[in-house]
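Every chain is numbered from 1 and lettered A, B, ... according to where its sequence line falls, protein lines coming before strand lines. Note that these values count all heavy atoms, side chains included, but never hydrogens, waters or copies made by symmetry.
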2 protein chains.
Amino acid sequence: MISIKEIAAKLGVSIATVSSVLNGKEKERRINAALADKIKRFALESGYHPNQVAVSLRTGKSRIIGLIVDNISGAFFASLANTIEKELEKYGYTVLYCSTGNNESKVETLIRILFQHNVDGYLVIPAAGMEEQLSELTSRKRPVVLMDSYFPDTKLPYVLVNNYEGTAAGIKHLIKAGCRNIAFVCNDISLVQMAERRRGFVETMISAKMQVGEDSILATPYMGEKGQVVRSIAAYLKKKRPDAVMFAANYLGVYGLEAIKKLGWTIPSDIGVVCFDDHELFQINTPEITAVKQPVEDIAQLAVKILMGEMGIEKKVTEQQVEIMGKLIRRKSV
Amino acid sequence: MISIKEIAAKLGVSIATVSSVLNGKEKERRINAALADKIKRFALESGYHPNQVAVSLRTGKSRIIGLIVDNISGAFFASLANTIEKELEKYGYTVLYCSTGNNESKVETLIRILFQHNVDGYLVIPAAGMEEQLSELTSRKRPVVLMDSYFPDTKLPYVLVNNYEGTAAGIKHLIKAGCRNIAFVCNDISLVQMAERRRGFVETMISAKMQVGEDSILATPYMGEKGQVVRSIAAYLKKKRPDAVMFAANYLGVYGLEAIKKLGWTIPSDIGVVCFDDHELFQINTPEITAVKQPVEDIAQLAVKILMGEMGIEKKVTEQQVEIMGKLIRRKSV
DNA sequence: ATATAGCGCTAAATCGATTTTGCAAAAACG
DNA sequence: CGTTTTTGCAAAATCGATTTAGCGCTATAT
């Protein structure tokens, strides 16, 4: 690995001159064009690439973006990460991926490590307990953009699907199909997005003048073991006997399908099904399951764009707290 | 962010003393215990953490491991990444994840970027075209460990499932269940692992004195569009009419299930099914699909261990090219 | 009597870049 | 011709750490 020092020595000039030329400041520094050319040519031929660590130490920038999620598994994340990486590459940035594994204590360590590596900006799927640290980051001029969820009390930029309208679209679809006794299965996470989906369900039902009460909603524990969740859904459905059900998350939909299978019911004749957030399985299942698909790519793209705006790499995006419409994919389950 | 310089100034000692103490070299450098304590206490109280970029520039180490894959989607990768991150955390290392997106030209750039960030070691799911660069890395004392596949011509360490034995186990399971006309569906990738699975099929069939010929194997194009692959599998099965089929990859299994559904055949009465590599869907499908599960966690753990050995962090692992047995998960499809 | 080793710490070199300042020589000016 | 400006580059400071060499003195060994 050749360094700038060696180039300078080989050409008999100072490292300052080499640095200036290679950073395109030859005009500004009035470097002789012939000399500049010679330096550029030599750098190219010798395969010189600046040591990023040294650059980072001096400039405080790293050309690295931290992507923080609680868990890497899951199609949502996979698709998100792919798009983000693709987008960031356009700007010459690399992704440093970290998962916090639902572990609050790890969050602090993690963010500190990234900060000490001069990570320039952060894309974050928020989890409880990181609010403060993320605000701290922004105040230290390390922009943060949230995805998938947000903190209601902060002004941190975010991009996510419109949970309210998405759920409403699903419910309206069921109503239009003639369902009258609609149930809603969600989990007990106290995050904003779940509350919004719930609100979408309740308000849509009310404004359609349909019956909706406490027993229209099942909130299963989030961290529950799979079998348990399936059983609780089955028990709920058996008691409630709805003619349609909407699941508020894709994993709930998957479990729900198993519950329905266990009950021996047939979709859509015995029960109509819609799920918020799509899942690979829904395309393969018999019958295929109607779902509200999250615009994952749009979310990722916009998040990157906002981040780049904050970092001064791109034109600043003024609308910093954005909800994007999801798309109802009509299949065979209604 | 307080720096070592500020600590030294505040305590009226030299930077070197602070550095020695905080790096646990107080004994070696015979630093006065009282002074050492004072320094440690002050560092703790002031929340000092060394700037990793500066450390990296000086030492040439970064405490970062690069995880290079071609594509982040897919359950295999997700599970792998999770375990790797967990293991590396034990050693105080962070993962820098990068995907090459099946793009040969990106590989070079990517590896160079990582190298310039002083990435200490590499965990790689190999793809064509990275052979040379990875060898280059090892010769520059940046250890590389491969997972999932390997390069037959290099001595790079690797950890992967025993493809031959795994396939053989699946085929034997079918034979034991009474199947006589067994088909094998693989893809046309010219990577070692697929060749091994194929060999596992053919040799097991032969040694069981069962008929096996050209028409026992379907090699579908890898990059094919989903619908096309499904159709080609369906056409093949319809013509061949086997009483059992083994799919050589989980995505082939998923497509295969669709093909079988399209043919209107019932599993396992019309056709027995085994798949190499498990998939979430296989547990949910009716009937559940028997599969040879890759020991993903074991692979990840061992790969990390070998890497740490090469980096001198742990005792060197002598067995550097390892194949781990997969596990046949008996379900309802045979 | 001289050489060596130990003490506890500091000064300075170093990693590889960027950036500010400085300084001759050449050019322009009066 | 003497002075100021401009030109074109070099020297040095800087980022924040690690690490080697050495300071000046005393105690022990040769």
Q: What's the CD1-P distance between A/Ile7 and C/dG16, to the nearest Å?
A: 13 Å
Q: Report the residues that fulfil ring-ring contact (aromatic ring centres under 6.0 Å, His included) with B/Tyr97, sequence neighbours left out, ordered by chain and then residue number.
A: B/Phe77
Q: Whole-Å distance between C/dC15 C1' and B/His117 NE2?
A: 16 Å
Q: At a heavy-atom distance below 4.0 Å, what parts of residues 37-58 of chain B sit against DNA chain C?
A: B/Leu57, B/Arg58
Q: Angle, rounded to 10°, between the helical axes spanning five pairs at each terminus of the helix from C/dA1-D/dT30 to C/dG30-D/dC1?
A: 70°
Q: Would you classify A/Leu35 as touching base, sugar-phosphate or nothing, given that sugar-phosphate means primed atoms plus P, OP1 and OP2, and contacts are heavy atoms under 4.0 Å?
A: sugar-phosphate
Q: Just distance, no hydrogens or angles: give the donor-acceptor pairs under 3.5 Å from side chains in residues 13-21 of chain A, sequence neighbours left out.
A:
residue	atom	partner	partner atom	Å
A/Ser14	OG	A/Ala16	N	3.3
A/Ser14	OG	A/Thr17	N	3.2
A/Ser14	OG	A/Thr17	OG1	3.1
A/Ser20	OG	A/Ala16	O	2.8
A/Ser20	OG	A/Arg29	NH1	2.8

Q: Can you list everything that forms a salt bridge (Lys or Arg N to Asp or Glu O under 4.0 Å) with B/Lys27? Sequence neighbours excluded, please.
A: none
Q: Using nucleotides 20-25 of chain D, report all nitrogen or oxygen pairs with the protein that are shorter than 3.5 Å.
A:
none

Q: Please state how far atom CZ in B/Arg30 lies from atom C1' in C/dG6, giving the value in whole angstrom units.
A: 6 Å
Q: To the nearest Å, give me how far apart CD1 (A/Ile15) and P (C/dT18) are.
A: 10 Å
Q: With distance as the sole test, does B/Lys106 use its side chain to make a donor-acceptor pair with the main-chain N or O of B/Ser99 at under 3.5 Å?
A: yes
Q: Just grab all the side-chain hydrogen bond (donor to acceptor under 3.5 Å, both in side chains) pairs involving residues 303-317 of chain B, residues at least two apart or on different chains.
A: B/Tyr91-B/Glu314, B/Glu310-B/Gln320
Q: May I have all residue pairs that pass ring pair (Phe, Tyr, Trp, His ring centres under 6.0 Å) and include part of residues 108-155 of chain A, sequence neighbours excluded?
A: A/Tyr150-A/Tyr158
Q: Under a 4.0 Å N-O cut-off, is there an ion pair linking B/Lys90 with B/Glu87?
A: yes
Q: Ignoring backbone atoms, establish whether B/Ser19 has a side-chain N or O less than 4.0 Å from OP1 or OP2 of D/dT18.
A: yes
Q: Of the listed nucleotides (D/dC9, C/dT18, C/dC9), which one gets closest to any side-chain atom of A/Ile31?
A: D/dC9
Q: Please tabulate, one pair per line, all N/O donor-acceptor pairs under 3.5 Å involving side-chain atoms of residues 34-49 of chain A, not counting sequence neighbours.
A:
residue	atom	partner	partner atom	Å
A/Lys40	NZ	A/Glu26	OE2	2.8
A/Ser46	OG	A/Phe42	O	2.8
A/Ser46	OG	A/Ala43	O	3.2
A/His49	ND1	B/Arg112	NH1	3.4
A/His49	NE2	B/Arg112	NE	3.3

Q: Please report the distance, rounded to the nearest Å, between NZ in A/Lys10 and P in C/dG16.
A: 14 Å
Q: With a non-hydrogen cut-off below 4.0 angstrom, is A/Lys25 in contact with a base, only sugar-phosphate, or nothing?
A: sugar-phosphate
Q: Is the phosphate of D/dC15, meaning OP1 or OP2, less than 4.0 Å from a side-chain N or O of B/Lys5?
A: yes
Q: Could you tell me whether B/Thr17 contacts a base, only the sugar-phosphate backbone, or nothing, with contacts defined as non-hydrogen atoms closer than 4.0 Å?
A: base
Q: Write out all pairs satisfying side-chain hydrogen bond (donor to acceptor under 3.5 Å, both in side chains) with one or both partners inside residues 137-146 of chain B, taking only residues at least two apart or from two chains.
A: B/Glu136-B/Arg140
Q: Are B/Val161 and B/Asp298 packed together at the side-chain level, in the sense that at least one heavy-atom pair is separated by less than 4.5 angstrom?
A: no
Q: Could you tell me the separation between the CD atom of B/Glu6 and the C1' atom of D/dA17, rounded to a whole number of Å?
A: 13 Å
Q: Among residues two or more places apart or on two chains, list those pairs meeting salt bridge (charged side-chain N to carboxylate O under 4.0 Å, His left out) that have a residue in residues 51-65 of chain A.
A: none
Q: Does B/Asn23 make a side-chain N or O approach to OP1 or OP2 of D/dT18 shorter than 4.0 Å?
A: yes
Q: Taking salt bridge (Lys or Arg N to Asp or Glu O under 4.0 Å) as the test, write out the residues that go with A/Lys155, two or more places apart.
A: none
